[in-house]
Amino acid sequence: MPFVAALAARLSYGVLPLPLLLALRDGTGSYAAAGSAVGLFGLVSALLGPLRARLVARRPGTLTVLTACYALLLGALAAGAAAGLPAWAAVLLAAAAGVFPPPVGPLMRTLWGELTTGEEQRRCALSLDTVAESTVFACGPLLGGLLAARTSPAWALVACAALAVAGFAAFGRALRGRKAAAQTAAGGGVVLGPLRSPGFVPLLAVVLAVSAAIAVDEIAVVVAWGAGAAGPLLALFSVGGVVGGLVYGRLAWRAAPGRRLLVLAAAATACCTLPALLFAPPGAAVALLGAGACTDALLVTAYLLVEELVPAGSRTEAGAWVNTAYNLGGALGSAAAGLLADRVGPVAAFVLAAVVLGSAAAAAAVRRSPLRGRGRAVAA
C-alpha cells in the first residue's frame, strides 16, 4: 500500500535530525560545527526539493538513484563520526547529503489526487496524509533519541539510512503502476515550472509566512517562560495540528479552498497575537493549540489548491514548492526569533510574528489573485 510505504519513508526523515546532530558533534567535537552542518543539510535539502520532485516526476527511475546516494552519504557521515572528522568535512558531507533526499510527500499527495475524485475525497485523503506526516515528525525525535542512547549516534544514523532504503524501496514498488503516466507528465521545459501558474506564488507566500510566524512564536515562548514550561506548551502545537487536520477533513465546507486558505491564515494570525494580549502560559497554550489546528488545516488547503492552480504535469514539483516554502519560513523565523526576542522582547516578537502573517494574508486577499475565489464551493 503506497500510504504505509510512504510512512516508513517519512519516518526516516523524522528520526534523522537528532542522531545527525549528535553523530556530527561526536565526530567533530563541536556543537557549533555540528549545528552548522545540520543547518546546511536542511537548507540544501529544502532549496533543491522542487528540482528533485520534478526529476522524479519525469524520470521515476531516479527515485532509486536518489535513495542510494542519500543512504551512502548518511553511511559516510556515520563512519566519519565514528572515526572523527574535521569540521569542514562534516559540513561538506552534510551539504552533499542534502542534495539527494528523495521526495515522498509530494509524490504521495500527487498520488492521492489521482486516486480520489472530487474535492471532498481529496480533502479527506490529504487531511489524513498531513496528520500522519505531522505525527511521524512529532514522534521521530523521540525515536531518534532512543536509538542514539541505546546504541550510539553513529549507529542511529546508519539505522536512518537503512530505514530510508527500506521505505523508499517499498514506496517505489507501490508507485510502479503509475510509471508511464509520470513519464508522460512532462509539464514543459520551463525553468520556473509551477511558479508561473496564476495564484501559486501568493499561496507560497502565505505558507512561508505562517511557518515563519510559528517559528518566531515557539522561540519567543522559550525566551518568555523558559525551557521547562516551553516543552509542554510547544507539544500543544502538535496536538492542535493532529486535531485540526482530522476535523478539517471530516467537515464539509461551503467556501472555496482559496477563501478557506485566507480565513485560516487570518485565524492563525489571531492565535499568534493572543500571547501578546494575554502574556502568560495559559494564553500561549491556547494560542499554540489553535495555531497548530489552523496550520495543519491551512497546509491541507494549500495542497488542495495545488490540484486547482497547477497543471497536472507539474503538481509533484508544486507540492515540493509548498514544502520548501514551509521549511524556509521556519528557518527564517527561527533565525530572526532570537534577535527579535533579545532586542524587542518576547511580547513584541509575538506581535511582529502576527503582523508578518497578517500582512501576507492581506496581500493575498487584496491583490487580484486567483486565490480569492479559486475553486467551486462544496455543499455543507
Side-chain angles (χ1 to χ4, degrees), residues 10-11 13-22 31 35 38 42 127 130-150 156 210-248 264 267-300 326-327 329-331 333-342 344-354 357:
R10 283 166 165 159
L11 184 59
Y13 293 152
V15 172
L16 178 68
L18 189 56
L20 181 60
L21 176 68
L22 294 176
Y31 269 115
V38 172
S127 295
T130 302
V131 167
E133 187 174 55
S134 297
T135 303
V136 164
F137 279 92
C139 297
L142 174 61
L143 295 175
L146 287 174
L147 274 173
R150 291 296 180 91
V210 73
S211 178
I214 295 302
V216 171
D217 276 7
E218 287 178 343
I219 292 182
V221 164
V222 177
V223 173
W225 297 293
L233 288 174
L234 296 181
L236 288 173
F237 179 80
S238 297
V239 173
V242 170
V243 173
L246 290 174
V247 171
Y248 183 76
L264 288 166
T269 301
C271 291
C272 290
T273 307
L274 182 60
L277 300 176
L278 182 59
F279 188 66
V286 174
L288 288 169
L289 188 68
C294 291
T295 299
D296 270 34
L298 186 146
L299 286 173
V300 174
Y326 190 83
N327 292 334
S334 297
L339 181 62
L340 285 173
D342 283 342
V344 299
V347 174
F350 287 130
V351 173
L352 288 173
L357 176 53

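The structure presented is a predicted model; accordingly, all values stated were derived computationally and were not measured.
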Contacts of [X] that satisfy side chain to side chain contact (heavy atoms under 4.5 Å, CB included) - sequence neighbours left out:
| X | value |
| --- | --- |
| A215 | S334 |
| A224 | F279, P346 |
| A148 | L22, P153, A156 |
| A132 | F3, L7 |

[X] versus [Y], closest heavy-atom pair with distance:
| X | Y | answer |
| --- | --- | --- |
| L18 | G145 | CD2-CA, 3.6 Å |
| A291 | C271 | N-SG, 3.7 Å |
| A276 | V351 | CB-CG2, 3.6 Å |
| G14 | P17 | O-CD, 3.5 Å |
| L264 | C294 | O-CB, 4.1 Å |

For residues 136-144, please give each side-chain donor-acceptor pair under 3.5 Å, one per line with the distance, not counting sequence neighbours.
none

Taken in chain and number order and not counting sequence neighbours, the residues that satisfy side-chain hydrogen bond (donor to acceptor under 3.5 Å, both in side chains) with S134 are D296
Within this structure, what is the [atom1]-[atom2] distance for the pair [X] and [Y], rounded to the nearest 0.5 Å?
| X | Y | atom1 | atom2 | value |
| --- | --- | --- | --- | --- |
| L298 | Y326 | CG | OH | 9.5 Å |
| L299 | S127 | CG | OG | 10.5 Å |
| L274 | L289 | CG | CG | 11.0 Å |
| I214 | S211 | CD1 | OG | 8.0 Å |

Please identify each residue that fulfils ring-ring contact (aromatic ring centres under 6.0 Å, His included) with Y248, with sequence neighbours left out.
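With neighbours one apart ignored, the set is W253.
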By ring-ring contact (aromatic ring centres under 6.0 Å, His included), which residues pair with Y31, not counting sequence neighbours?
none
Which donor-acceptor pairs under 3.5 Å do the side chains of residues 232-240 make with protein atoms, sequence neighbours left out?
none

Sequence neighbours left out, what pairs pass salt bridge (Lys or Arg N to Asp or Glu O under 4.0 Å) with at least one residue falling in residues 132-145?
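As it turns out, the salt bridge (Lys or Arg N to Asp or Glu O under 4.0 Å) pairs with a partner in residues 132-145, which skip direct neighbours, are R10-E133, R109-E133.
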Provide the full list of side-chain hydrogen bond (donor to acceptor under 3.5 Å, both in side chains) pairs with a residue in residues 269-281, sequence neighbours left out, each pair given once.
none
Using the rule given for side chain to side chain contact (heavy atoms under 4.5 Å, CB included), can you reason through V216 versus F350, listing the C-alpha separation, both sets of side-chain angles and the distance that settles it, and then say yes or no?
CA-CA 7 Å; V216 171; F350 287 130; over 6 Å; no
